[in-house]
Protein chains: 4
Amino acid sequence: MSPKHKRINLNADLGESFGAWTMGRDEQMLQLVNSANVACGFHAGDPLVMRQTVATAQRHGVSIGAHPSYPDLQGFGRRRMDLKPAELEAMVVYQIGALQAVAAAEGHRVTHVKAHGALSNLASEDAGAAGCVARAMRAVDPSLILLAPALSALVRAGQDCDLPVVEEVFADRQYTDEGHLVPRGHPQAMVHGADNSARHVMTMVEGQALVSINGRRLPCRPGSVCVHGDNAQAVATAQAVRDALAAAGWALVPLPDLAAR
Amino acid sequence: MSPKHKRINLNADLGESFGAWTMGRDEQMLQLVNSANVACGFHAGDPLVMRQTVATAQRHGVSIGAHPSYPDLQGFGRRRMDLKPAELEAMVVYQIGALQAVAAAEGHRVTHVKAHGALSNLASEDAGAAGCVARAMRAVDPSLILLAPALSALVRAGQDCDLPVVEEVFADRQYTDEGHLVPRGHPQAMVHGADNSARHVMTMVEGQALVSINGRRLPCRPGSVCVHGDNAQAVATAQAVRDALAAAGWALVPLPDLAAR
Amino acid sequence: MSPKHKRINLNADLGESFGAWTMGRDEQMLQLVNSANVACGFHAGDPLVMRQTVATAQRHGVSIGAHPSYPDLQGFGRRRMDLKPAELEAMVVYQIGALQAVAAAEGHRVTHVKAHGALSNLASEDAGAAGCVARAMRAVDPSLILLAPALSALVRAGQDCDLPVVEEVFADRQYTDEGHLVPRGHPQAMVHGADNSARHVMTMVEGQALVSINGRRLPCRPGSVCVHGDNAQAVATAQAVRDALAAAGWALVPLPDLAAR
Amino acid sequence: MSPKHKRINLNADLGESFGAWTMGRDEQMLQLVNSANVACGFHAGDPLVMRQTVATAQRHGVSIGAHPSYPDLQGFGRRRMDLKPAELEAMVVYQIGALQAVAAAEGHRVTHVKAHGALSNLASEDAGAAGCVARAMRAVDPSLILLAPALSALVRAGQDCDLPVVEEVFADRQYTDEGHLVPRGHPQAMVHGADNSARHVMTMVEGQALVSINGRRLPCRPGSVCVHGDNAQAVATAQAVRDALAAAGWALVPLPDLAAR
């Protein structure tokens with residue numbers, strides 16, 4: 001993914017309502033992003049929410065991916081669970097399939113997978129968990145794109161399984177010197193404000209590197225930028241990031257167009 | 001499905017364990033039946049149980065179908081729930097997809113769908129619920145075979161959706177004069193004993209009709225016989241039914257072979 | 001409960017958040033109502049939400065009751081489920097106990113029970129379901145107050161079990177000529193606007209009768225008024241109802257004070 | 001608890017069925033043990049199973065305790081989950097209360113609490129988790145007896161909260177030199193055979209010490225012996241342990257009698 005092509009993807013976690021509870025500004029976000037990571041019922045998203053999310057994504061030309069999680073509605077998939085590898089792999093398979101059928105029912109198609117929450121955090125650091133996610137994807141459909149945090153164990157696991165891999169950077173999160181996300185509890189975990197986020201993204205995308213909280217530069221090849229969308233500020237951030245990328249000549253494309261290069 | 005072809009299918013509900021709890025004699029039953037209805041996580045069957053069930057079915061040359069249910073683990077899907085049509089349809093889509101991916105991961109393929117428990121009972125009588133199941137199947141894959149109780153509203157809904165439909169009769173259940181199953185609570189709901197079940201089946205299959213508890217004959221075209229497998233007696237019944245059918249010259253085939261006629 | 005005492009209670013369903021999802025304006029409502037019906041984890045309300053709700057109620061001098069439901073998070077307890085009486089009774093017992101312990105942990109006390117959603121609707125019409133709720137309460141603690149829709153089967157079941165019963169009317173819902181709530185799907189189900197709700201309440205409370213959508217008067221003894229609180233309008237309605245009652249000389253008291261008369 | 005009193009308790013984890021799935025030989029075990037740890041719906045045990053278990057325990061004069069767990073039916077509470085302290089404490093409170101109400105409904109009473117599975121393992125080693133369990137108990141009812149693995153962090157947490165604490169040893173599990181249970185995955189985790197288990201117990205009870213797999217002696221004051229009961233062998237083991245203790249002059253008593261000394 002040479003930077004001269006100047007193609008990039010904007011992704012967001014969507015479809016995180018559940019039953020009577022709503023979350024996120026999906027309708028607005030789906031007008032800004034190119035790809036949506038859709039909750040599959042384990043941390044959020046019941047079958048009806050999934051179907052509505054897929055239909056809206058389809059209408060806006062947004063590509064969709066499964067966003068599998070630990071089975072933990074109450075904890076929103078943010079609590080680490082100690083699962084056996086075979087269990088974890090089977091759960092990821094299950095969630096991908098559930099979304100594939102929902103997509104088929106709406107004439108859409110699942111083209112990528114991105115791990116959610118505590119599963120993503122573990123799989124970013126731990127080769128064992130990362131391998132479970134990658135093997136689950138390969139077992140279901142080896143053409144599925146793995147959307148993984150830049151420089152993570154998940155990237156390597158995806159490459160080992162011969163999956164197409166796209167590395168993502170986060171618009172509103174700071175990095176440690178080792179390239180991990182600064183944990184949510186930490187006072188400096190977040191990048192605040194739409195403009196700061198846009199600058200943070202441009203530095204990483206133009207510089208083809210993560211930039212840590214201490215200014216350390218970790219070369220990588222960012223193919224996608226993750227923006228969040230659960231409040232008005234977040235929508236503004238997504239808009240600012242999108243505008244900054246466009247102004248710098250980056251074409252914003254769905255993940256399949258990017259991975260196809 | 002003319003009787004002169006003398007082809008018939010034996011099906012059972014399998015994969016009904018959950019986590020630490022086991023149910024059913026799946027290993028034995030998979031040596032006797034041609035098609036397995038696999039629980040999809042809503043009334044039984046977690047992702048790992050599903051994967052193991054599919055792998056064992058694959059090994060025994062048994063075709064598999066999704067066995068979708070109301071979301072009700074505690075009630076084992078036997079409690080009627082008042083769902084809106086869009087919810088019900090989306091839930092069936094979700095469950096089919098989950099099993100499709102598990103099947104893909106094992107190199108197997110979902111070729112049919114059979115509704116479970118209270119959902120099956122409602123969809124057998126109520127055209128609205130039956131339509132939800134049939135539309136969900138058509139939306140995911142119109143080549144999926146609908147395995148439905150003979151003479152039920154589900155059969156008609158499947159035909160209306162242009163799905164391949166196979167009508168089933170139950171080896172161990174009695175019928176009312178209207179062709180419904182005598183409810184489980186009723187003292188005469190069940191046919192007891194392997195020999196009685198085999199006779200019950202042969203009367204219906206050779207006679208191409210349901211025979212009610214009062215002896216009333218309701219013409220139908222039984223393509224499949226459902227046997228249950230949760231105790232030693234049930235395995236004996238399955239064996240007896242299988243032997244009786246074979247002795248009478250019926251070829252026992254997986255559902256796709258039957259529907260392909 | 002003679003009207004000359006002019007004591008009345010204001011109640012609301014609260015603690016309906018779950019995990020990462022929030023619902024309701026509990027903090028505002030707890031400044032307006034005298035008694036809170038607290039979700040017990042079956043349709044909403046996880047243990048932490050329950051504890052926080054109880055603590056806030058305690059701080060505002062609001063009495064609390066268990067708000068048991070069918071086990072149906074996804075459907076928010078609004079989908080009728082066909083449970084056996086022993087199951088239903090045990091579930092109500094379980095939910096009351098869970099809240100009792102949470103209350104004990106906060107130095108508060110559960111003094112009433114009010115059925116939620118589809119369970120309330122069924123138990124308002126069906127003596128069997130109503131009996132399950134009442135027997136569950138009596139089995140746990142016969143001094144628990146049953147808060148039940150005026151003129152419903154639940155009122156009678158509570159009286160049959162010698163429970164203290166308080167009849168409630170709804171500020172924002174219309175009644176049929178038979179005294180049932182006009183179903184939510186019906187275009188005239190709701191009373192709109194804070195002023196209309198306040199007038200609706202005053203007519204019923206001062207007139208000691210439900211007034212149906214067709215103007216029919218059904219004498220009853222309203223001891224409590226239910227207000228809802230999931231949006232800004234609802235908070236305004238609660239305030240208007242409270243003000244109207246106070247202006248007419250009604251003293252607003254927690255349920256135990258009312259039942260103690 | 002001086003050995004000269006020669007009083008001891010036999011406890012087992014019971015009520016671990018769920019809905020249509022059964023587990024354990026509760027009826028047999030309740031004739032052998034003095035105290036039952038009853039699953040509270042988070043890893044096993046639905047409200048109806050809980051009620052039936054409590055009623056049977058009541059009939060056999062067996063004292064009951066809450067057996068709280070992580071919220072993980074599929075993993076049977078055996079998978080460690082990373083919960084925040086306030087969440088964990090609230091969950092334990094909730095589960096104790098649920099069982100208390102079920103007990104009240106049957107005229108029985110919850111007199112102890114014992115942590116289940118992965119929660120027990122973590123709380124045995126980690127003072128933070130142990131404190132959550134102990135504080136939850138104290139908040140609900142400071143007279144509840146904490147039944148905790150001998151020499152564990154849970155014992156210390158209970159003492160710090162001024163709870164009555166009874167230390168238990170396991171009839172069928174081996175110990176490390178540090179006094180922890182040898183993990184289930186380890187080939188030498190289990191003591192096999194009824195006679196070996198009875199000998200293992202007598203060595204520990206008469207010697208007032210854990211004896212590790214390497215023969216190391218760790219002095220403690222065993223007040224209760226945990227036996228398991230999910231197969232025929234386990235029932236034989238419980239019987240053998242009971243007989244050996246009785247033959248050596250130990251009186252077998254419910255936990256409240258023991259803690260009251």
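Order of the sequence lines fixes the chain letters, A, B, ..., with proteins taken first and strands second; residue numbering starts at 1 for each chain. Please read these numbers as outputs of a predicted model, since none were measured by experiment.
No part of B:Leu48 comes within reach of chain D, as not one of its non-hydrogen atoms sits under 4.5 angstrom from that chain. Contact of B:Phe76 with chain D is made through the side chain alone, with heavy-atom distances under 4.5 Å.
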Check every N and O of chain B against chain D and note each donor-acceptor pair under 3.5 Å, with its distance.
unit_1  : atom_1 : unit_2  : atom_2 : d
B:Glu16 : O      : D:Trp21 : NE1    : 2.9
B:Trp21 : NE1    : D:Glu16 : O      : 2.9

